[in-house]
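Working notes, structure below.
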Amino acid sequence: MIEKKHIIDRFTSYVTIDTESDPNSNTTPSTEKQWNLANKLVEELKQIGLEDVTIDENAYIMATLPSNVSYPVPVIGFISHFDTSPDFTGANVKPQIIENYDGKDIVLNEEQNIILSPDYFEDLLMYKGQTLITTDGTTLLGADDKAGITEIVSAMEYLINNPEIKHGKIRVGFTPDEEIGRGAHKFDVEKFGAEWAYTMDGSQVGELEYENFNAAGAVVTIKGKIVHPGYAKGKMINSMYIATDYINSLPRLETPEHTEGREGFFHLHTIDGSVDETKLQYIIRDHNKEHFEARKEMMKELANDINEQFQMEAVSVKIKDQYFNMREKIEPVMHIVSIAKEAMEQLGIKPLIKPIRGGTDGSQLSFMGLPCPNIFAGGHNFHGRYEYVPVESIKKATEVIVKIAELTAKDLTKYKSEEE
C-alpha cells in the first residue's frame with residue numbers, strides 16, 4: 001500500500017511546524033502560527049488532486065474527493081485538527097525515528113536524562129519490532145492530531161492513485177483550536193455536506209469511540225471578611241477555610257485519579273485564594289446524563305448548605321455546560337459505527353469500542369447535525385515529552401479510511417438492518 005518512508009516524510013513535515021493553540025486568545029485560529037500548516041495543507045490537497053479545496057477566514061479547510069461510481073452513495077467525511085496542545089511546548093519539534101524497536105528503554109535526551117521506558121509506559125511493548133517516532137524529550141510530538149491529518153491525506157492520495165477502488169463522494173476537513181475546545185465552533189456543517197463523518201483523533205490501534213463525557217465547567221466563588229488578625233476574633237471569616245470545607249465535602253473518590261471507564265468525576269484544577277476571596281475552578285464530567293445533572297445540583301446544594309451555616313452569601317456557584325455525550329446522536333445511525341468496525345475487522349484489526357474519557361470535535365459536530373464517531377490515529381502519551389507514534393499504526397489507520405470508503409460504496413442494507 002503506502003510506503004513507510006512516504007508516511008514518515010509527510011508526518012514529520014507536519015510536526016516540525018509549530019501550531020500550538022492559545023486558550024487566552026479570542027481569535028480564530030487562536031495563534032497566527034497555525035496558518036503556516038493550514039496554508040501548507042491547502043497546497044498539498046490541491047497537489048494530490050483533491051477538488052473544491054477551500055480555506056476560510058478562520059483557517060477551516062475543506063476538500064472533496066469526487067465519487068467514482070455511477071450510483072447513489074452517501075457522502076461521508078474525515079476530519080482532523082492541526083493545532084497542538086498548549087499543555088506542553090510544540091516549538092522546535094525534533095522527531096526521532098526508532099527503527100525495529102527492541103522493547104527496551106529509549107533515550108530521548110541523553111543530556112537531560114529523559115527516558116521513554118516500557119517499565120512505566122507498558123503500551124510500548126505492543127510495538128516491539130515496529131518503527132516508532134518519538135520526541136527528543138524537550139517538546140511534545142504532535143501526533144495529536146497530525147497523525148490523523150497524515151492518515152486522511154495519505155488515504156485520499158491512495159484512492160486517487162488507485163481508481164479501481166470504488167467509493168462515493170468524500171469530504172475532508174481540517175480544523176484549528178481543537179485542543180482548546182473550539183475546533184467545531186465555526187465548522188460549517190452545511191457547507192461540508194456529508195451525511196456522517198469520522199474524526200481521526202483516537203490513540204492506540206483499534207480504538208473506535210462513539211461515547212464521550214457530558215461536560216461542564218464550574219467556578220465556585222467564596223467570600224470572606226478580612227480584618228486585622230490581631231483584632232479578628234468573632235469578625236474575620238477566612239474564605240480559604242470555607243473553600244477547604246467545600247472541597248472536602250465533595251466525594252473524595254469521585255476525582256480523575258480514582259475513576260475509569262464510564263465513571264464520572266469532579267476535578268478541581270485551579271485555586272486562587274486569599275482571606276477575602278477564594279475561587280475554585282472545577283470541571284464536571286459524566287457519561288450518564290442524569291448523573292451529570294446530579295453532579296451539578298450537588299455543587300449548588302453544597303453552596304446553599306454552607307451559606308445557611310454562615311447565615312450569609314458566602315459561596316456562589318456558576319456552572320456552564322461545555323459539551324454533551326454524542327452517544328444519543330450516534331445510536332439512531334449505528335450503521336456508521338458498524339461500517340468502521342467491519343473495516344477494521346477486514347484488515348485484521350481488533351476493534352476496541354470504548355467510551356472517551358474526554359471530549360472530541362465529534363461530540364460537538366454530532367450535535368450540530370453531523371454524526372461523527374472517533375477512530376484511532378495511533379499516537380500515545382499525548383500532550384507531553386513522552387509522546388510517540390508507531391509508523392505502522394499510521395499506516396493501519398490510513399488503510400481503515402480507505403476500507404470505510406470502499407464499504408460505504410457497497411450495499412449498506414446489512415449495516416442499517418442492525419439498527420432495527
Got [X] and [Y] here, is their nearest side-chain heavy-atom distance under 4.5 Å?
X    : Y    : value
T131 : E392 : yes
I330 : R327 : no
D22  : I180 : no
P118 : D105 : yes
I152 : I401 : yes
F265 : I283 : yes
I336 : Y198 : yes
F376 : I349 : yes

Give a yes or no on whether a salt bridge exists between [X] and [Y], defined as a side-chain N under 4.0 angstrom from a carboxylate O.
X    : Y    : value
K396 : E399 : no
D321 : K296 : yes
E345 : K341 : yes

Closest contact, heavy atoms only, [X] versus [Y]:
X    : Y    : result
A143 : G379 : CB-CA, 4.3 Å
M344 : G206 : SD-O, 3.6 Å
V315 : A303 : CG1-CB, 3.6 Å
E20  : F88  : OE1-O, 3.9 Å
P74  : W196 : CB-CZ3, 3.7 Å
N68  : H167 : OD1-N, 2.8 Å

If we count only N and O atoms by modelled type, under 3.5 Å, do the side chains of [X] and [Y] hold a donor and an acceptor together?
X    : Y    : answer
T278 : S239 : yes
N214 : E293 : no
D276 : S274 : no

For the backbone of [Y] and the side chain of [X], can you confirm whether one donor and one acceptor N or O come within less than 3.5 Å of each other?
X    : Y    : result
T64  : P66  : no
R357 : F213 : no
E387 : L141 : yes
D83  : S21  : no
N109 : D136 : yes
S393 : A377 : no
R262 : D286 : no
T199 : S80  : no
N325 : H287 : yes
N307 : A314 : yes

* To do: Tell me, with the steps shown, if H81 and E179 meet side chain to side chain contact (heavy atoms under 4.5 Å, CB included).
  => CA-CA 8 Å; H81 63 92; E179 295 291 2; 3.2 Å; yes
Could you tell me the separation between the [atom1] atom of [X] and the [atom2] atom of [Y], rounded to the nearest 0.5 Å?
X    : Y    : atom1 : atom2 : result
M298 : D305 : CE    : CG    : 11.0 Å
Q34  : T175 : CD    : OG1   : 9.0 Å
T19  : D177 : OG1   : CG    : 10.0 Å
H185 : E178 : NE2   : CD    : 10.5 Å
I356 : E209 : CD1   : CD    : 4.0 Å
E207 : K354 : CD    : NZ    : 3.5 Å

* To do: Please step through side chain to side chain contact (heavy atoms under 4.5 Å, CB included) for the pair T398 and Y158, ending with a clear verdict.
  => CA-CA 9 Å; T398 304; Y158 185 79; 5.7 Å; no
* Contact list for residues 137-160, test salt bridge (charged side-chain N to carboxylate O under 4.0 Å, His left out), sequence neighbours left out ->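 Passing the test, one end in residues 137-160: R10-E157.
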Should the heavy atoms of other residues, nucleotides or ligands under 6.0 Å from [atom1] of [X] be counted, would the total exceed 12?
X    : atom1 : answer
Y241 : OH    : no
Y120 : OH    : no
N162 : CG    : yes
K166 : NZ    : yes
K104 : NZ    : no

* **Partner set under side-chain contact (heavy atoms from CB on, under 4.5 Å) for T255, not counting sequence neighbours** => R252, E257, H258
* To do: For the pair Y388 and H380, name the ring-plane relationship: parallel under 30°, tilted 30 to 60°, perpendicular over 60°.
  => parallel
* Would you please test L116 and N381 for side chain to side chain contact (heavy atoms under 4.5 Å, CB included) and show each step? => CA-CA 10 Å; L116 177 61; N381 305 340; 4.0 Å; yes
* **side-chain contact (heavy atoms from CB on, under 4.5 Å) partner of S249, the single match among I306, L302, T244** => L302
* Asked: Does the ring center of Y282 lie less than 6.0 Å from the ring center of H269?
  -> no
* Evaluate side-chain hydrogen bond (donor to acceptor under 3.5 Å, both in side chains) for R182 paired with Q364, printing each intermediate quantity in order. => CA-CA 9 Å; R182 303 184 209 156; Q364 295 182 55; over 6 Å; no
* Distance under 6.0 Å and angle within 45° of the ring axis: does K289 meet both against F324? -> yes
* To do: Let me see the working for T54 and K191 under side chain to side chain contact (heavy atoms under 4.5 Å, CB included), right down to the final yes or no.
  => CA-CA 11 Å; T54 62; K191 177 184 173 184; 3.3 Å; yes
* Given F174, F78, F187, the one that forms ring-ring contact (aromatic ring centres under 6.0 Å, His included) with F192 ->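 Answer to the ring-ring contact (aromatic ring centres under 6.0 Å, His included) test with F192 among F174, F78, F187: F187.
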